[in-house]
Amino acid sequence: MSSTNFTPRYLKVALSVPMRRLFDYRLPEGESVSDWPAGIRVKVPFGKSHRIGLLVEHASSTEWQPEQVKPAQQRLDDQPLLPESLWQLSLWSAKYYQHALGDALLSTLPTKLREGGALSAGNIRQWRLTAAGQQTTPASLSRAKAQQHLLSLFQQEQALTDNAIAEQAGSRSALLAMEKKALIEAFSIASGDAKWGEKLQISSDTPVLNKEQAAAVAAIRGSQQQFQPFLLEGVTGSGKTEVYLQAMAPVLEAGKQVLMLVPEIGLTPQTLSRFQKRFNCPIAMLHSGLNDTERLDAWLQARDNRAGIVIGTRSAIFTPCHQLGMIIVDEEHDMSLKQQEGYRYHARDLAVARAQKEQLPLLLGSATPSLETLQNALHGRYQHLQLRSRAGNAQAVKHQLLDIKGRPLDQGFSPELLGLIKQHLHNDGQVLVFLNRRGYAPSLICHECGYLEECRRCDAYYTLHQRTGLLQCHHCGSQKPVPHQCPECGSTRLLGRGVGTEQLEQALQRHFPEHPCIRIDRDSTRRKGALDAFLGQIKRGEAKLLLGTQMLAKGHHFPEVTLVVIMDVDGALFSADFRAPERLGQLITQVAGRAGRAGKQGTLVMQTHHPEHILLQDLLQNGYGHFARTALSERKQAQLPPFRHLALFRAESHRSEDAEAFLMQLSALLQQKLIESAIELGAVLGPMPAPMERKAGRFRWQLLLESAERKTLHQWLHGILVQAEKLPISRKIRWSLDIDPQDL
Ligand code: ADP
């Protein structure tokens, strides 16, 4: 055989289709393999049309009949799209999470690239003050509040994109009015600056670090250019962000980029402005509020080294960087770092993998570390840095449990609680009331016969939304007008049962009519820019009563809050989910952390029927650190993560028996493989119905695998998905696999 027979003439291409295989194409006539390196985008015929895919590898043969293999149409890039290390990480991640390679690779690219667009975002239009605008004072616009607000934004930011304006100001008419008055003008330049490294200036306006902060910064600075994970465990307000800023400085000074992941709603203008004040380099931001052009632009800024700092939510872990020097994961315990649908990766775990591949220091920061990370730190795999006290002159928060057994409740509030709120308002403090349940009431009940309105498609009650006059299912999104009569007995005495944020707002307004109340939940912040507008109002002290769901609990810095109220902790105390205590501990600690962040004393009050409960007592008396260590030893005894490794198959179908039958067959395959491969340390649990058995009309079942060794688990799963796909019943149902599931 001549050597030319070995020349790879076939291209193995990943396409975004839910099939667990690559697709073979022929190198077009006259093209040379060296012009088609792995990692470029290619356009290929698919069915009657074409698709954009990623070239994964070359091959000299194909399992198909050669004449069946069509030539690729075109290559879209000269060079691989991603740096080699990130490409390798992406391949590894798809394999680790057992996700179809094409979908894994393509779903993490900006949409424009996925659709075959050019590697350029073009110039993005921005707005800035004109000379006249610079001389205008906010006072002179006092009759046009929206313009006044916009002017103050421009005075802080220098330039704003259309999107940033829509988000932070919300009003387009103010923008147009200001343009008409020639106070602002549009301009466009390529974003970022490739020379940021040479121009870097670091503000010297920094606080003097306390001992623990200084020790943390010194440890991190001492481990550049090597893989070293750190857990920075610091109580809320202990100055973790200050540690990040000072630890980043030498990395940026060395001309290297810093990638920071933040939770979905932690990406506040406050965070950004702290970074901008410290470093004058361009910052690329990647979050869900961007349009496709802006996302591509931010991605390219990072890849082409036109930004020194890259900040983003979970998918930003896949952002290519020209020369990365450090990764930071803020609030590493936050659930939003795990993608719960489709490609179910955990961005924190991928951050560890990426830091290892690229030999980088990795900072995982949290006031309430996840038990997984804590275990790694206690075991010495991560260096453990602790900040035990609050920074500056902020004091520790005082706690109080309000026993509501037998007490009269007025729309959820006990008389003692109302008294406390009154007292704090009287002393000019802000009060934050937290309840993780939006709507007016979590169900609608007939007062005559007890009938409860249930969603017809889910095992759940409808939530009453009084303002819109609708009953809504929070699981499938279906809604209908609130009925006038009970469908069972015809009575008109229909009442909301239980309390949601909408009702709390009503109660607070009734009790404290002189104080405006701001409610922050998914309903009240649906409009673009609404959340930022609310946060601005709170910061300016325009409202003393703040109320909300977990959107309010995270990351925000409200210096004037002196009282934080958790309306109801009882639900989580008796949950069947083994992670419930950990989540409750995190939530209580994070919510409490919103109080007393400046010089004022903060107080946390929780209403409960179980003040003696051991979880609450441990948390309040000993703090999250102790609480989490106790929880870890319980997990060890019960043989649960992080001491065991889990994988969860989920199946759903309109016919319950199909979903169950699929998992039964899968279970048989898995059991058989256990025996054949002599895998000792594995167990299959189920099939069992999911905690919510029916959702959106589908019956849901699950099958849990567990193993003492991660490696064993993966060895066991290897090849099983291909077998599962071949089961005829798999075509009748929807199913998925979740590696290291967070929700069981
Ligand atoms: P965390 O990220 O842990 O919640 P931050 O870094 O936001 O804490 O710090 C909380 C507040 O304390 C911020 O206003 C910050 O500027 C301030 N701060 C941080 N470190 C110090 C310090 N060493 N001295 C004085 N103030 C500090």
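Counting from 1, the numbers follow the sequence of the chain as shown. Keep in mind that the numbers below use all heavy atoms, side chains included, and drop hydrogens, waters and symmetry copies. Counting starts at 1 for both ligands and their atoms, following the listed order.
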* Taking atom 13 (C) of ligand 1 as the point of reference, which of Gln246, Arg274, Glu242 owns the nearest heavy atom? -> Arg274
* Lys240 to ligand 1: N or O pair under 3.5 Å? -> yes
* ligand 1 N/O within reach of Pro207 N/O, cut-off under 3.5 Å -> no
* Please report the C-alpha distance between Ser203 and Asp205 in whole Å, then the side-chain angles of each, then the deciding distance to 0.1 Å, and finally whether the side-chain hydrogen bond (donor to acceptor under 3.5 Å, both in side chains) criterion is met. => CA-CA 5 Å; Ser203 161; Asp205 181 17; 5.1 Å; no
* Between Arg348 and Thr373, is any pair of side-chain heavy atoms under 4.5 Å apart? -> yes
* Asked: Does Arg381 CZ have over 12 foreign heavy atoms under 6.0 Å away?
  ->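 Yes.
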* Asked: Above 12 or not: heavy atoms from other molecules or residues under 6.0 Å from CD of Gln225?
  ->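 Check fails, neighbour count at 12 or below.
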Under 4.0 Å from a heavy atom of [X]: give me the atoms of ligand 1 that qualify, with their elements.
X      : answer
Leu209 : 23 (N)
Val208 : 22 (C), 23 (N), 24 (N)
Thr241 : 2 (O), 6 (O), 7 (O)

* Using a strict 4.0 Å threshold on nitrogen-to-oxygen distance, state whether Asp568 and Arg437 make a salt bridge. => yes
* For ligand 1, is there an atom lying under 4.0 Å from some heavy atom of Ser238? -> yes
* To do: List the atom of Gln430, the atom of Ile538, and the distance in Å for their closest heavy-atom pair.
  =>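 Distance-wise, the nearest heavy atoms are NE2-O, 3.1 Å.
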